[in-house]
Amino acid sequence: MNRVREPLKLEANLKKLIVPATVGLILFLIFQVFPSTSSELTQTSSADLISKEQARTAATSFAQENLQFQAAEADETLVTYQSKSELYGYLSKEKKLSDYNKNYEAKYPYDVYRVRFSQPGGDALNVDVHMQNSGVVGFQYDFARSNYDRIELNKGRVQRQMLLAAEDGMTLADKQILAEPWLKRAGYDLSHLELATQEGAPRLKYVDPEAAVGNARLELQFTFEHGKLRSFEPTFSVPAAHSSYVAQQTQNAMVLTLVGYGLFTLILGILAIVYSVKTQAHTSFKRGLFLSSLLFVIQMANTYNLIPVFKSEGMTSAGVVGMMIFYGVYSLIFSALLYFALVGGNGLWRKEDGLNPWPRAKEPGYGRYVLDSMKIGYMWALILLGVQTIIFVILGLTLNTWSTTDATQSPYNMLYPWLFPLMAWLAGISEEAVYRLFGIKMLKKIVRSTFAASLITSLIWALGHTLYPIYPIISRPIELVIIGLLFSYIFLKYGYLSAMFAHVIFNSILMGISLVMMKDTANLLIGLFYIVLPAIVAYVIYRFNPVKKEKPYVTTPPHEAL
């Protein structure tokens, strides 16, 4: 890290970083990228996926021919990607994905296109379509005056009584009469199915004793409302023990996120405001405005991009507007946190250590400094990907770490998937400012140790990622504490811009590859573009900050100048 009032220069031997960076890239490709393209471990090849328009056509034909449901106009029909994450997670944990994909996925997919037809009165119909073969695999009515979804949130006897009331007093025989034609139409032999529902119990469930993967069994589930069939869904149910485990892990993750991450990040934000004022003579309140504004724009663009997710959950237009307002307020708060972290962190380092962690444009050597920071960022991003890969392998062998799907974060559910990798910039800019630029220096004032300060801020940062669908939830904090310490090392050795570039590039590679994996030409090119975007940005800054625009430092006090 450079000292204040000295020409900017990064003394990094890039040649020494080439070998570990190359090794990191190879490990990443072998253990993370190539396995994700294996047809044995994935349900489909992305190149063979049908389009959303094809899914809409298949669902429309099904609704009209089998349900006599008058579909809405095409522009009012919503198509989203949905995933049975609990089933996928169980198969992943038990290493049964390959077995399931070979024998059952073609008829019982865990990933589907959900086509939602809405009508003026508020009623809607959801039809699930296989993402590869266009087959309809389930449907569900969503009535405007239904309380069914709210009933499902209740537990135990209260839920049971409310569901029975919603069914309008239907007997088991009544349900079977409505369900059996659907079973025959789907090609099931009723003599081979076991009825798993007793008289007086809500819903209706049949089990196929011959179809099982591990302890997951095929269930043909029906629900009813107002004396009519409400839904039909053939699916593999996971063991209750697995569901309870995931629920408990998710609850623990929520606590860790709110307390370990949210509370302590809020405290850091308050301290950043305080020290922005206390160090104002050594910093500038103008410098963080651009990055904070950029953060706000990216966050709001991402929220807008997720509108299909909101609508898929039945949210009305008014609800979507309310959600945008909520995230607008949240984004303003988070942008303010970034702003004061930049101002306060910069001031603390300059005042107490005489170091220049975040140089200004037009300082001597700035253009070259940014360019070198980018180069360091690429080298370290590849090293970090290799380190992450090794951590994943070790966690898999020791903790049996496994992951599942999250449809809410999938590019398939975004209005514009090409906007998704912008989140890499949001994370790199904000997190390196809050937890490294400000956090390390602030914590060091308390614990008197740079390593301890780096460890604590890395832990706080890591706990903010526990809600990711990776189990056991301790896996992600273990991984990210190590990654966070490496980001801290990059920051302490090279400064904020190098750490920021390393973080942005690290995430851009991961997010860019997620677009590349969609395998259509447009997303392939966009994914590659985002991977090289940090280099483009750094080069543009370099070109706009030539030596002739730099302002030399005044090293001689004015009263001593001749």
Closest non-hydrogen contact found for S243 with V238 is OG-CG2, 3.2 Å
Derivation and outcome, ring pair (Phe, Tyr, Trp, His ring centres under 6.0 Å), residues W380 and Y489 = CA-CA 11 Å; W380 271 101; Y489 171 79; 5.8 Å; yes
Spell out, as yes or no, whether a donor-acceptor pair under 3.5 Å connects the side chain of R287 to the backbone of P359.
-> yes
Start with the C-alpha distance between N523 and D520, add both sets of side-chain angles, then the distance that settles side-chain hydrogen bond (donor to acceptor under 3.5 Å, both in side chains), and finish with yes or no.
-> CA-CA 6 Å; N523 284 312; D520 62 278; 2.7 Å; yes
Take D372 and K9 through the salt bridge (Lys or Arg N to Asp or Glu O under 4.0 Å) test and state the conclusion after the steps.
-> CA-CA 9 Å; D372 289 341; K9 186 178 181 181; over 6 Å; no
Just one of N413, D111, T408 clears the side chain to side chain contact (heavy atoms under 4.5 Å, CB included) bar with S83, so which one?
-> D111
So with a 6.0 Å cut-off around NZ of K96, is the heavy-atom count from everything else above 12?
-> no
What orientation do Y304 and Y416 show, parallel under 30°, tilted 30 to 60°, or perpendicular over 60°?
-> parallel
Assign the ring pair Y339 / F285 to parallel, tilted or perpendicular, where the plane angle (0 to 90°) is split at 30° and 60°.
-> tilted
Would you confirm whether Y113, through its side chain, and I50, through its main-chain N or O, come within 3.5 Å as a donor-acceptor pair?
-> yes
Side-chain ion pair, K445 and E352, N-O less than 4.0 Å = yes
Taking atom OH of Y245 as the centre, does the number of heavy atoms from other residues, nucleotides or ligands within less than 6.0 Å exceed 12?
-> yes
Is the distance between the ring centroids of H465 and Y468 under 6.0 Å?
-> yes
So do V33 and M517 actually touch side chain to side chain, heavy atoms under 4.5 Å?
-> yes
Does atom OH of Y104 have more than 12 heavy-atom neighbours from other groups under 6.0 Å away?
-> yes
Is the backbone N or O of Y275 less than 3.5 Å from a side-chain atom of T279, with the two atoms forming a donor-acceptor pair by type?
-> yes
Side chain to side chain donor-acceptor pair (under 3.5 Å), paired with N356, selected from R3, E363, R5 | E363
Where do Y496 and W349 land on the ring pair (Phe, Tyr, Trp, His ring centres under 6.0 Å) test, with the steps shown first?
-> CA-CA 11 Å; Y496 171 68; W349 286 102; over 10 Å; no
Is atom CZ of F310 surrounded by more than 12 heavy atoms (other residues, nucleotides or ligands) closer than 6.0 Å?
-> yes
Quick check: does any side chain N or O of Q132 sit under 3.5 Å from a backbone N or O of L49, one acting as donor and the other as acceptor?
-> no
Please work out whether the ring planes of Y81 and Y412 are parallel, tilted or perpendicular, with thresholds of 30° and 60°.
-> tilted
Any donor and acceptor pair, going by atom type alone, linking the side chain of S92 with main-chain N or O of G89 inside 3.5 Å?
-> no
Side chain of N545, backbone of I541: donor and acceptor closer than 3.5 Å?
-> yes
Kindly determine whether Y366 and Y542 satisfy ring pair (Phe, Tyr, Trp, His ring centres under 6.0 Å), including the steps that lead there.
-> CA-CA 8 Å; Y366 181 77; Y542 168 72; over 10 Å; no
L515 to P421 - nearest heavy-atom pair and separation | CD1-CG, 3.6 Å
Do S475 side-chain atoms and P472 backbone N/O form a donor-acceptor pair below 3.5 Å?
-> yes
Whether T457 side chain and S454 backbone form a donor-acceptor pair below 3.5 Å = yes
Applying side-chain hydrogen bond (donor to acceptor under 3.5 Å, both in side chains), run through T404 and E86 and close with a yes or a no.
-> CA-CA 7 Å; T404 187; E86 194 171 63; over 6 Å; no
Going through the checks in order, is the ring pair (Phe, Tyr, Trp, His ring centres under 6.0 Å) test met by W402 and H242?
-> CA-CA 13 Å; W402 53 276; H242 178 80; 5.4 Å; yes
Counting distance only, does the side-chain N/O of S410 pair as donor-acceptor with the main-chain N or O of A407 below 3.5 Å?
-> no
Between Y530 and L419, what is the shortest heavy-atom contact and its length?
-> OH-CA, 4.1 Å
What pair of heavy atoms forms the shortest contact from I298 to W425, and how long is it?
-> CD1-CB, 4.2 Å
Tell me, with the steps shown, if Q248 and T250 meet side-chain hydrogen bond (donor to acceptor under 3.5 Å, both in side chains).
-> CA-CA 5 Å; Q248 185 61 56; T250 303; over 6 Å; no
Are R436 and W461 in a cation-pi setup, meaning NZ or CZ lies under 6.0 angstrom from the ring centre and within 45 degrees of the ring axis?
-> yes
